[in-house]
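We count ligands from 1, going down the list as the structure has it; atoms in each ligand are counted the same way. Bear in mind that the values here come from a model prediction, so they are computed numbers and not experimental data. Scope of the values below: all heavy atoms of this structure, side chains included, with no hydrogens, waters or symmetry mates.
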Amino acid sequence: MKKFTSVHDVPDIQQWLSEAQSLKQSPFAHKHLGENKTLGLVFFNPSLRTRMSTQRAAYNLGMNVMVLNVGQDSWQLEYSQGTVMDGSTQEHVKEAVNVMSQYCDIMGVRSFPGLKNREEDYEEKVMEAFLKHSQVPVISLESATSHPLQGFADLLTVTEHKQITKPKVVLTWAPHPKALPQAVPNAFVEWMQGGGMNLVVTHPEGYELAPHIVKDTPITHNQEEALAGADFVYAKNWSSYQDYGKVLSQDKGWMVTEEKMALTNKARFMHCLPIRRNVIATDAVIDNSLVIKQAENRLWTAQLVLKKMLETL
Ligand code: SN0
């Protein structure tokens with residue numbers, strides 16, 4: 001396996017879900033697989049869960065881990081071809097990525113979108129540069145437009161807690177003071193589709209996600225209608241895709257409350273974290289949710305992705 005940047009890199013989702021559950025039962029069953037192998041984690045943006053869960057996952061497989069916080073600890077990288085580098089950038093991504101990959105057997109990279117230019121962000125400049133110049137397999141630790149490790153952990157969490165084969169899963173937009181990426185909702189939609197869930201997306205007008213991702217998933221602008229009969233409620237803020245990167249609404253009426261949850265089929269509440277309390281959802285909703293289970297599952301899903309890559313090195 002040369003890359004893990006979206007659900008489309010997974011040959012058999014159901015198989016992967018059951019293998020991730022096996023790792024949870026026996027975390028150290030493959031503790032020699034990663035012996036003398038090194039994982040490099042490259043962060044252009046902050047991280048708590050991704051950093052710690054992926055590092056722990058690597059240790060469970062016997063790997064060594066190096067972490068680089070680019071921008072803080074490293075040089076400013078140049079991405080364009082043929083540039084006269086007499087400005088603020090100090091090293092071209094071409095050398096930087098190739099060099100890093102000389103020291104690692106697998107690399108992970110996190111790079112958020114600029115949220116200024118939609119074409120640029122959806123071209124995945126940084127992720128594509130890593131895929132092109134790395135000599136070793138690459139894992140997305142959240143790219144400009146997707147967060148596959150989160151989507152995988154979320155699908156595992158839904159799978160473990162569902163009471164029926166095809167539960168109703170509602171992805172609801174929720175308010176937030178800042179402009180946030182579409183990466184998490186994009187990945188959530190793709191993994192729920194891939195896992196065969198009955199997914200409904202709800203958001204205010206103007207927050208439509210990319211059509212090539214949503215496809216024929218039902219969308220409603222009426223949150224209460226969406227919540228009726230829901231088995232899972234996944235809240236997330238994202239900035240507009242149409243009016244790219246803009247915050248069009250801060251309507252507190254979209255916050256998930258206990259009253260809203262009462263409209264559902266005793267749904268379990270989910271969020272990728274970090275969550276702003278009493279902005280996205282109330283304290284009571286968060287305190288009675290699956291958020292910690294989701295975060296725990298980040299470990300087992302990351303460990304499976306690493307295991308798959310180690311097996312094909
Ligand atoms: C990121 C996002 O993509 O929405 C990472 C989620 C895993 N979240 C944030 O940047 C939250 C920042 C904030 O100010 O609350």
Whether Ser18 side chain and Gln15 backbone form a donor-acceptor pair below 3.5 Å: yes
Side-chain donor-acceptor contact under 3.5 Å, Glu258 with Thr282: no
N or O contact, Glu142 vs ligand 1, cut-off under 3.5 Å: yes
Contact check, Pro181 vs ligand 1, heavy-atom distance below 4.0 Å: yes
Under-4.0 Å heavy-atom contact with ligand 1, by part of Leu273 that carries it: backbone
NZ/NE/NH1/NH2 to OD/OE distance under 4.0 Å, Lys307 and Glu311: yes
Atom 1 (C) of ligand 1 - nearest protein heavy atom and its distance: Phe112 CZ, 4.1 Å
Aromatic Phe44 / basic Arg110 pairing, under 6.0 angstrom, 45° off normal: no
Closest protein heavy atom (residue, atom, distance) for atom 4 (O) of ligand 1: Lys236 NZ, 2.8 Å
Gln150 to ligand 1, any heavy atom closer than 4.0 Å: no
Glu160/Arg268 salt bridge by N-O under 4.0 Å criterion: no
Closest approach of any protein heavy atom to atom 10 (O) of ligand 1, naming residue and atom: Leu180 CD2, 3.8 Å
Lys178: numbered ligand 1 atoms lying under 4.0 Å from its heavy atoms: 12 (C), 13 (C), 14 (O)
Check ion pair Asp231-Lys168 (N to O, under 4.0 angstrom): no
N-O pairing of Lys94 and Glu78 below 4.0 Å: no
Polar atom proximity, Arg276 to ligand 1 (N or O, under 3.5 Å): yes
